[in-house]
Trainee: 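Before we start, here is the structure in question, set down as structure tokens.
Values below: all heavy atoms of this structure, side chains included; hydrogens, waters and symmetry mates excluded. Chain naming here is simple, since letters A, B, ... match the order of the sequence lines and numbering starts at 1 in each.
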Number of protein chains: 2
Amino acid sequence: MENFLRLLRSKGFKLTPQRRAIIAALLSCAPFPTAQDIHRHIRQTAPDVSLDTVYRNLALLIRLGTVNQVNLPGGSAFEIVAGHHHHHLICLACGRAECIDYCPVITADLAQAEDRGFTVVSHSLEFYGYCRDCRPAG
Amino acid sequence: MENFLRLLRSKGFKLTPQRRAIIAALLSCAPFPTAQDIHRHIRQTAPDVSLDTVYRNLALLIRLGTVNQVNLPGGSAFEIVAGHHHHHLICLACGRAECIDYCPVITADLAQAEDRGFTVVSHSLEFYGYCRDCRPAG
DNA sequence: ATTCCTGCAAACCATTTGCAATCAT
DNA sequence: ATGATTGCAAATGGTTTGCAGGAAT
């Protein structure tokens with residue numbers, strides 16, 4: 001939390017209660033909250049935060065590089081950029097995501113891309129399947 | 001094309017001109033057309049195909065397993081399920097996608113997931129960067 | 001005092017749906 | 001004849017934007 005506030009201050013952004021609430025929610029919420037999840041979570045303690053403010057602040061944090069946006073069917077989810085690189089397990093039944101440390105991608109292997117003049121700067125890798133709770137019986 | 005028609009017929013679906021046009025577009029269009037791309041492409045030769053029909057038929061083809069849906073920021077793109085497994089290079093500037101044959105994922109390595117009771121059935125891997133045309137000067 | 005932020009409401013865009021008419025079988 | 005399929009138009013749901021008032025610096 002302190003890191004976020006420091007970063008915002010250093011760039012000249014103001015520390016409003018709404019902004020604090022949104023960051024707090026990101027830190028305490030489910031692993032991959034949507035904007036609406038965050039809004040719902042905040043409502044309990046700070047009903048005076050509108051949904052568009054949530055969107056605006058998420059956009060700001062993304063611009064500052066401290067939050068990642070994950071494209072899911074039907075909308076986007078967000079996560080704090082963790083210290084370490086990781087990927088996600090996404091349940092096809094309930095839609096929940098979990099982090100997984102496995103990452104087999106070796107940038108040096110991407111000669112094919114370079115050969116075609118494509119410069120790779122990042123990648124996203126999601127695993128789809130069924131979580132413990134949704135695992136089909138049998 | 002014949003494969004598609006055979007599949008549809010065998011499942012009791014009707015072969016309408018709209019349906020043929022949509023499949024033809026999928027086969028001839030850019031690599032990862034959105035629903036709107038397909039609609040625009042079709043308009044030239046068959047103006048009598050509405051956008052919702054494009055959506056409905058894409059949904060049908062996805063249900064039949066012959067078309068993949070790729071989630072991109074701002075919407076979905078579609079591709080015919082090719083014979084071989086592959087991934088995509090996505091340009092952060094122009095949004096275009098290209099196929100790449102590289103895939104480092106080894107399902108056997110996903111012990112972490114299995115340990116947590118998560119059954120992996122598939123994965124998606126996208127590389128982000130800049131294509132030849134958009135490569136930042138310098 | 002200045003500049004940034006916010007809430008509201010309306011706009012937007014992709015996608016979905018209800019319905020009556022139409023078409024492939 | 002029958003049931004699937006279509007076009008239309010309206011609804012939906014996530015996200016963005018314009019604007020005027022309000023808050024942090």
Trainee: Just compare C:dC19, C:dT6, C:dG7 and give me whichever is closest to any side-chain atom of B:Arg56.
Mentor: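 Of all the options, the side chain of B:Arg56 is nearest to C:dC19.
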
Trainee: With heavy-atom distances below 4.5 Å as the criterion, would you say the side chains of B:Leu61 and B:Ile80 are in contact?
Mentor: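 No. Closest side-chain heavy atoms not under 4.5 Å.
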
Trainee: Toward the 5' end of DNA chain C, which comes first, B:Gly75 or B:Arg9, by nearest nucleotide?
Mentor: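 Here B:Gly75 is the residue nearer the 5' end.
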
Trainee: Between B:Tyr102, B:Phe127, B:Phe32, B:Tyr128, which is the residue that forms a ring pair (Phe, Tyr, Trp, His ring centres under 6.0 Å) with B:His88?
Mentor: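 Option passing the ring pair (Phe, Tyr, Trp, His ring centres under 6.0 Å) with B:His88: B:Phe32.
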
Trainee: Quick check: on DNA chain C, is the nucleotide nearest B:Arg20 upstream (toward 5') of the one nearest B:Phe78, or the reverse? Name the residue that is more 5'.
Mentor: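 By nearest-heavy-atom nucleotide position, the 5'-most residue is B:Phe78.
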
Trainee: Under 4.0 Å, counting only non-hydrogen atoms across every strand here, what does B:Ser76 touch: a base, just sugar-phosphate, or nothing?
Mentor: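 Here B:Ser76 touches the backbone only, sparing every base.
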
Trainee: Please state how far atom CG in B:Leu58 lies from atom P in C:dT15, giving the value in whole angstrom units.
Mentor: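 Roughly 9 Å, once rounded to whole Å.
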
Trainee: C:dA14, D:dT15, D:dC19: which one has an atom nearest the side-chain heavy atoms of B:Gln36?
Mentor: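 Looking only at side-chain atoms, B:Gln36 lies closest to C:dA14.
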
Trainee: Counting C-beta onward and ignoring hydrogens, is there a side-chain heavy-atom pair between B:Cys103 and B:His85 closer than 4.5 Å?
Mentor: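 Yes - at least one pair of side-chain heavy atoms lies under 4.5 Å apart.
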
Trainee: Expressed as a whole number of angstroms, how long is the span from A:Leu15:CG to C:dT3:P?
Mentor: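 In whole Å, C:dT3 P lies 19 Å from A:Leu15 CG.
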
Trainee: Can you see whether B:Ser124 engages A:Glu126 through a side-chain donor-acceptor pair at a distance of less than 3.5 angstrom?
Mentor: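 Note: B:Ser124 and A:Glu126 side chains meet the donor-acceptor criterion.
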
Trainee: Out of D:dT6, C:dC5, D:dT15, which has the shortest distance to the side chain of A:Phe13?
Mentor: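 Comparing D:dT6, C:dC5, D:dT15 against the side chain of A:Phe13, the answer is C:dC5.
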
Trainee: Quick one: B:Asp37 CG to C:dC13 C1', roughly how many Å, whole number?
Mentor: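 One finds 14 Å between C1' of C:dC13 and CG of B:Asp37, rounded.
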
Trainee: If I take atom CG in residue B:Leu5 and atom P in nucleotide C:dA24, what distance separates them, rounded to the nearest angstrom?
Mentor: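 To the nearest whole Å, that distance equals 14 Å.
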
Trainee: Rounded to the Å, how far apart are B:Leu51 CG and D:dA9 C1'?
Mentor: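 Going from B:Leu51 (CG) to D:dA9 (C1'), I get 13 Å.
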
Trainee: Do the side-chain N or O atoms of A:Thr16 get closer than 4.0 angstrom to the phosphate oxygens (OP1, OP2) of C:dC4?
Mentor: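 No, A:Thr16 has no side-chain N/O under 4.0 Å of OP1/OP2 on C:dC4.
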
Trainee: Taking the side chain as everything from C-beta on, heavy atoms only, tell me whether A:Ile62 gets closer than 4.5 Å to A:Phe78.
Mentor: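 They are in side-chain contact.
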
Trainee: Starting from P on C:dC23, measure out to CG on B:Asn57 and report it in whole angstrom.
Mentor: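 In whole Å, C:dC23 P lies 16 Å from B:Asn57 CG.
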
Trainee: Could you please name the option among C:dA24, D:dA23, C:dG7 that lies closest to any side-chain atom of B:Lys14?
Mentor: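 Output: C:dA24.
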
Trainee: Among the candidates D:dT6, C:dT16, C:dG7, find the nucleotide nearest to the side-chain atoms of A:Thr53.
Mentor: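 Of the options given, the side chain of A:Thr53 lies nearest C:dG7.
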
Trainee: In whole Å, I'd like the distance from the CG atom of B:Leu8 to the P atom of C:dA24.
Mentor: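 B:Leu8 atom CG is separated from C:dA24 atom P by 15 Å.
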
Trainee: Counting just side-chain N and O atoms, does B:Gln18 come under 4.0 Å of either OP1 or OP2 of C:dC23?
Mentor: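 For B:Gln18, the contact criterion (side-chain N or O under 4.0 Å from OP1 or OP2 of C:dC23) is not met.
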
Trainee: Under 4.0 Å from OP1 or OP2 of C:dT16: is there any side-chain N or O of B:Tyr55 that close?
Mentor: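 Negative; the distance criterion is not met.
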
Trainee: I need the CG-C1' distance between B:Leu60 and D:dG3, as an integer number of Å.
Mentor: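 Between C1' of D:dG3 and CG of B:Leu60: 15 Å.
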
Trainee: Give a yes or no on whether a donor-acceptor pair under 3.5 Å exists between the nucleobase atoms of D:dC8, that is its base, and the side chain of B:Asp52.
Mentor: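 For B:Asp52, whose side chain was compared with the base of D:dC8, there is a donor-acceptor pair (under 3.5 Å).
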
Trainee: Of all the heavy-atom pairs spanning B:Lys14 and B:Arg19, show the shortest one and how long it is.
Mentor: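 Distance-wise, the nearest heavy atoms are O-NH1, 2.8 Å.
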
Trainee: Select from B:Asp48 and B:Gly12 the residue whose nearest nucleotide in DNA chain D is closer to the 5' end of that strand.
Mentor: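 Taking each residue's closest nucleotide, the earlier one in sequence belongs to B:Gly12.
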
